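Here is the structure we will look at.
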Amino acid sequence: MPADYSVGPLRPLPALRRTQPLPTSPMNRHHRLSTACLDELTRGGGGVAAIAELRSGQRSRLMLLLRALTDLASSHPRVPGPLPAPREAWELLIKAERRSPSSAEQLLLHPQVGAWLSRCLRRLRGVEGEPADEVPLWLETGYLHTVAASAALLAGIDFRIAVGVRDGGVMLPALGFVELAGCDSPVAEISADGGCERAVRAGSHTVSLPSDLTRDVKGWHPLRRLHGRHPVHPCSPYLDDLDPYRDFLRPTAPVRLSEPEARRWQEHFDRAWGLVARQGNVDPAGVADCLISVVPVRYPARTEPFSASSPEAYGCVLVNPPTDSAILAASLIHEAQHVKLSALLDLVPLIHGGLEEIHYAPWRVDPRPLRGLLHGVYAFLGVTAFWQAHRHVAADETMRTVAEFEFALRRSQTSHGLRTLRAHAELTALGDRFLRGLEERLAVWLTEPVPEVPLRAAEDLNLDHQVLYRLHHLSVDPGRTGQWVRAWRMGRPAPDTLPTTVLRASRTAVVARPALIRLRLRDPAGFALLREKPEEPPFDGMAAPLRADLDWAAGDTAAALRGYRDRLAERPDDLPAWSGLALTLPAGPAKDALLDCPEVVLAVHRALRAPVYGGPDPVALAHWIGTRR
């Protein structure tokens, strides 16, 4: 085995021809991925040294993208505006880098800079559309000027540069927001003189920046930090509620958290980080180095807590307001795994192709490409590692049961994803080695016993997910159901051969069952109250659950079965009710048919429905299909 893997130079987008060359940066370099780094990542880990190798590649990648953006913007016909040429911002950034390389690196690796770079490059190249409410291209490109200004402020050099005013002020990436309330000027000037005076001026507005840029003063709102306090493995990411590119899913105006809200985030993060730092299955120092900014968002959680990361925003994690420290800890590890794998894939190929969105992923409701499946496997291996360790140290029996359930659920999902990759992915040699390492790590956990109640809950939810996926996305050609319809109507046995199906991705219904299981395990009293008052669901964005779903989650399968049958009599195309029927039927041909080929049962039922009399009894039809030879 060679000592390391050579990685060729990262290349920028094609540069436009210029009359003068731009200054170059010493950050552009070749990268070599060490065997030790790859082996750590292959086991699902990654310590400080391994993350430093990945970060080095990201630093060069971002510098090259920044250079490419400067080239494109300098001659783009729609960029000219009230700001100076992009070249001026680039030269200030290089000047700051030469004075303080660490300051420039801090800016380049700031996740919001990466999110902006990718978005702005797409606009400059015409890849991304131009919505009517889009900020002007000159203003979006002008974020480059604020990046340079932030780097210059951190480096402590004298400078003066014009920047765009947006959302009522000026965002200085990785530093904070200058509020210019009531200012009607589209441009502001940022200057620093001898380190004594640093100010932002726009029209009649002047905001003096404090010498300590972490201090909140009139007109200046610094980025807050979260503090995971630990004597050996501390973690202090930004709590970003200001940057327009903090939510990489969509540009967002500043929404400053109140002091009580910020304190609640700090309390939850500190407790969650304590759980991460005491882990033996993950390297907490490596996780800490992957978390640069945490962004509060409010996306509908649906059936599981929401968190997200992006390869374009290295080190950024979007998270819904936390309500449970262990869930937040698992989310941080989950997203850190994504961050590591994204950076690794920028350096070495692990899989060829794999872009077709046709594969089942146990953690997603939509078909996924193999590359997405690889990401999910790696992320949920980390989550499995967290719950495997946490179930042994949980504070009480209830939390241990929750941890056992999450461990059983995530190890099963990860195993299923690995099998799909083995069956369908065209792996490189390094990709094969990578997968073998993940398989070896997971194999030990698959043999560990889990108590019956949480194990059964995890198995049922996995079955529910698989049935719903098939009902939503697998379609039977109506022309292929004719013989089944004729056989049913003539009282004959079901045909021997199932009709072929095709993948047709469709919108998916929101299912309450995963959230209800988690509530029952985590808060039995709250679940009992919900059964009494189902019209008052405990989760944001969650509709009132069906009585049948509540009965199923409570373990009353007989009542749930009656409820799902009644639901289908009223709404025969309710897909979650079909899946609920599969979960609650006793063992036998009907259950087998709804678990093995639910899309066929549904297709035949639809074909048999009469406008007035409706369709046949779903259980009787499923039993008939299940008895085929």
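Model, not experiment: these values are computed from the prediction.
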Does any non-hydrogen side-chain atom of [Y] lie less than 4.5 Å from one of [X]?
X    : Y    : answer
L41  : L54  : yes
T35  : L38  : no
L350 : L344 : yes
F269 : P237 : yes
Q112 : F248 : no
L291 : Y238 : no

When rounded to the nearest 0.5 angstrom, what is the spacing between [atom1] in [X] and [atom2] in [Y]?
X    : Y    : atom1 : atom2 : result
L594 : L621 : CG    : CG    : 8.5 Å
L109 : Y314 : CG    : OH    : 7.0 Å
L318 : S293 : CG    : OG    : 8.0 Å
R229 : R271 : CZ    : CZ    : 12.0 Å
L546 : D566 : CG    : CG    : 11.0 Å
L418 : Q413 : CG    : CD    : 12.0 Å

Checking the side chain of [X] only, and the main-chain atoms of [Y] only, is there a donor and an acceptor separated by less than 3.5 Å?
X    : Y    : value
Y564 : A559 : no
H472 : L468 : yes
D240 : D243 : yes
S342 : V339 : no
R224 : L257 : yes
R628 : A494 : no
T627 : W624 : yes
E357 : P369 : no
S310 : A308 : no
R565 : R562 : no

Kindly write out the residues that satisfy side-chain hydrogen bond (donor to acceptor under 3.5 Å, both in side chains) with R606, not counting sequence neighbours, or none if the list is empty. D573

Among L328, I327, V297, exactly one meets side-chain contact (heavy atoms from CB on, under 4.5 Å) together with N320. Which residue is that? V297

Let me know which of V348, T428, T42 forms a side-chain contact (heavy atoms from CB on, under 4.5 Å) with F434. T42

Applying side chain to side chain donor-acceptor pair (under 3.5 Å) to Y299 and D247, what does each step give before you reach the verdict? CA-CA 11 Å; Y299 286 113; D247 182 346; 2.6 Å; yes

Side chain to side chain donor-acceptor pair (under 3.5 Å) for E459 and S412? Distances and angles first, verdict last. CA-CA 8 Å; E459 290 174 343; S412 176; over 6 Å; no

Basic-acidic side-chain contact under 4.0 Å: [X], [Y]:
X    : Y    : answer
R436 : D432 : yes
E406 : R391 : no
D39  : R433 : yes
E440 : R43  : no

Please check if any side-chain donor atom of R410 sits under 3.5 Å from a side-chain acceptor atom of T414, or the reverse. no

Do E599 and S475 have side-chain atoms, one donor and one acceptor, less than 3.5 Å apart?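 Looking only at side-chain atoms, S475 and E599 do not form any donor-acceptor pair under 3.5 Å.
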
Yes or no on side chain to side chain contact (heavy atoms under 4.5 Å, CB included) for K591 and H623, after CA distance, side-chain angles and deciding distance? CA-CA 8 Å; K591 188 180 188 75; H623 183 275; over 6 Å; no

Can F380 and H334 be said to form a ring-ring contact (aromatic ring centres under 6.0 Å, His included), step by step? CA-CA 6 Å; F380 281 108; H334 178 276; 4.8 Å; yes

From CA spacing to verdict: side chain to side chain contact (heavy atoms under 4.5 Å, CB included), L438, Y378: CA-CA 8 Å; L438 304 186; Y378 196 64; 3.8 Å; yes

Could you note down all residue pairs passing side-chain hydrogen bond (donor to acceptor under 3.5 Å, both in side chains) where residues 519-532 supplies at least one of them, sequence neighbours left out? D324-R522, R531-D551

With under 30° as parallel and over 60° as perpendicular, where do the rings of H233 and H230 fit, or are they tilted in between? parallel

Would you call the rings of W445 and F407 parallel, tilted or perpendicular if under 30° counts as parallel and over 60° as perpendicular?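 Because their plane-to-plane angle is over 60°, the rings of W445 and F407 count as perpendicular.
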
As a quick check of understanding, evaluate side chain to side chain contact (heavy atoms under 4.5 Å, CB included) for C235 and V287, giving each step before the final call. CA-CA 9 Å; C235 181; V287 174; over 6 Å; no

Checking S415 against R419 for the side chain to side chain donor-acceptor pair (under 3.5 Å) test, could you report, in this order, the C-alpha distance in whole Å, the side-chain angles of both residues, the deciding distance, and whether it holds? CA-CA 6 Å; S415 178; R419 290 196 301 272; 2.9 Å; yes

Under the ring-ring contact (aromatic ring centres under 6.0 Å, His included) rule, what do H227 and W273 come out as? Steps first, then yes or no, please. CA-CA 9 Å; H227 297 286; W273 185 253; over 10 Å; no

Do the two ring centres, one from Y360 and one from H465, sit under 6.0 Å apart? yes

Under the side chain to side chain contact (heavy atoms under 4.5 Å, CB included) rule, what do D241 and V255 come out as? Steps first, then yes or no, please. CA-CA 6 Å; D241 52 5; V255 182; 5.7 Å; no

If you count the non-hydrogen atoms of other residues, nucleotides and ligands that lie under 6.0 Å from CZ in R456, is the total more than 12?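 Not more than 12 within 6.0 Å, no.
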
